[in-house]
Amino acid sequence: TGSLTVGELAGKLHKEPSEIIKKLFMLGVMATINQDLDKDSIELIAGEYGVEVEEVIVFDVTEFEGYATEDQEDQLQIRPPVVTIMGHVDHGKTTLLDSIRNTKVTAGEAGGITQHIGAYQVVVNNKKITFLDTPGHAAFTTMRARGAQVTDITILVVAADDGVMPQTVEAISHAKAAEVPIIVAVNKMDKESANPDRVMQELTEYGLVSEAWGGDTIFVPLSALSGDGIEELLEMILLVSEVEEWKANPNRAATGTVIEAQLDKGRGSVATLLVQNGTLRVGDSIVVGNTFGRVRAMVNDLGRRVKEVGPSTPVEITGLSDVPQAGDQFMVFTDEKKARQVGEARASKQLDEQRKEGAKLSLDDLFEQI
Ligand code: GTP
Ligand code: MG
C-alpha cells in the first residue's frame, strides 16, 4: 500500500533500479532511485512486467525471467571511469582539469584542437579516463540534485593553504549520497602556506581518513599549477577503476545523460551527451528529456566528427527538435516513430505540468493580492 521508492519497487520486481528508471522515462516520468512513486506509476511499471499490483505487492520472480532487457554479465565490457572534479571555489578545479588536459590531450593527440565541450577523455597508460568539467555549472547542480549516477569517482580538490570550506563539505555529502568513491587532491602544494596535515586533520571529521593515518581514503598532494603530483592522481584514478571494474554493454542502443545543451544559430539544438551504456551512432532515433530527433552529426571532445561512440564517452550531437536540459536522460529507439511518440508524449506531459503549475501560481498570486 501507499508509496514505494524507485529503489524499493526495483527490489520487489527483482530488477535493477536503472531499468525501472528507464521504464519510467519511457512513460514520461523523470525519477531518481530515492523518489517516491505514486500508485499509478507503480501500477504502470508493474504492469510492464506483467505484475498485478494489489494492496501489498507480492509476486514471484520466476514470472519475469523472460523479460531480458537487462545486460547479461557476458555482454558487459570494461568502460572508462567517469570522473568529476568537485571542491570549494578557487581551490583549483579548473586549473587541475586544464593541467591534465594539457599534459595528456594536447600531447597525445596530433594537432589537439580547442575543446568544444566541458567533458573530455584522456589516455593514461593506454587506458581512457573521462573527466567532467562541470563545477558550478547548471548541469552539475541538476546532477547533484538528482544524485545521478553519472560519476564513478569524485576528485575532491582541497587547497592546502585554505583547508576544508563549505563547498568542500557540500561536495563530500553529494559524493556520499551517491555512493561515489572520493579521492582527495590536496592542491596548491607549491604555496609556502600549504598545510596538508591540516587538510587531512579537518577531513577526518567527515570520515575521510588518509591511508597514512590508518584510514582508506586516497590523498594525493599536488600542484595543479606546476603539474607536480598529477601523474600520481591519474594513477590513483586507474587504480580505483581497476578495483571497481565499471562495465557497460557497448552492443545495445545507447542511454545516458545530457551534460549541457544550447541553441546554436547555425546548427540548431546542440547537446553534449555522456553515453553511459550502449553505442550511439549518427542516424540513431533518440529521445532526450522531453525532446527527440535523429542524431545528425556527432563531434567528440577533440572537435572531430565521429560516426559512433561507446560507453563513458562525451559527445556533442545535433539533430534534436528542441533543446533538452542538463541532467536529462536520453535513450535511443530502434524505431523513429516510437522515438517521436515517446518524445511527444513526454513534451505534452511537461506542458500539462507547466499548465498545472501555472494555475497553482496564479491562485497563490490571487490570494496574495487579497
Ligand atoms: P571555481 O571554478 O570558481 O570554483 O574555482 P576553481 O576551483 O576552478 O579554481 P581555479 O582553477 O579557477 O583556480 C583559482 C585560483 O587558484 C587561480 O588563480 C589559480 O591560478 C590558482 N591555483 C590553482 N591551482 C593552483 C596551485 O596548484 N598552486 C597555486 N599556487 N595556485 C593555484
Ligand atoms: Mg573553475
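Just so you know, ligand 1 is whichever comes first in the structure, and atom 1 is the first atom listed for that ligand. Residue numbers run from 1 in the order of the sequence given. As the structure is a prediction and not an experimental result, all values here were calculated from the model.
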Problem - Side-chain ion pair, Asp71 and Arg252, N-O less than 4.0 Å - result: yes
Problem - Identity of the nearest option to atom 4 (O) of ligand 1, non-hydrogen atoms only, from Gln167, Lys191, Lys93 - result: Lys93
Exercise for the section: Check whether the side chains of Arg79 and Ser312 place a donor and an acceptor atom closer than 3.5 Å, and report yes or no. Expected result: yes
Exercise for the section: For Thr94, take its heavy atoms, then give the atoms of ligand 1 lying under 4.0 Å from any of them. Expected result: 2 (O), 6 (P), 8 (O), 11 (O)
Handout entry: Within reach of ligand 1, part of Asn187 (heavy-atom separation under 4.0 Å)
Key = side chain
Problem - Beyond-backbone contact of Leu37 with Val6, side-chain heavy atoms, under 4.5 angstrom - result: yes
Completion exercise
Ranking Glu192, Lys188, Met86 by closest non-hydrogen atom to atom 22 (N) of ligand 1, top hit is Lys188
Handout entry: Cationic N near anionic O, under 4.0 Å, Arg198 to Glu202
Key = yes
Handout entry: Proximity of Thr95 to ligand 1 by residue part, where a heavy atom lies under 4.0 Å
Key = both
Practice task
Taking the side chain as every heavy atom from C-beta outward, state whether Val83 and Leu132 have any pair of such atoms under 4.5 Å apart.
Solution key: no
Practice task
May I ask you to check if ligand 1 and Leu222 share an N or O to N or O distance below 3.5 Å?
Solution key: no
Completion exercise
At under 4.0 Å between heavy atoms, what of His88 touches ligand 1? The answer is backbone
Practice task
Using a 4.0 Å heavy-atom threshold (strictly under), name the region of His91 that reaches ligand 1: side chain, backbone, both or neither.
Solution key: backbone
Handout entry: Arg101 charged N/C atom sitting above Phe131 aromatic ring, 6.0 Å / 45°
Key = no
Exercise for the section: Would you check the N or O atoms of Leu96, main chain and side chain alike, for any that come under 3.5 Å of an N or O of ligand 1? Expected result: no
Handout entry: Any side-chain heavy-atom pair of Gln329 and Thr257 under 4.5 Å
Key = yes
Exercise for the section: Looking only at distances, please establish whether an N/O atom of ligand 1 is found under 3.5 Å from an N/O atom of Gly92. Expected result: yes
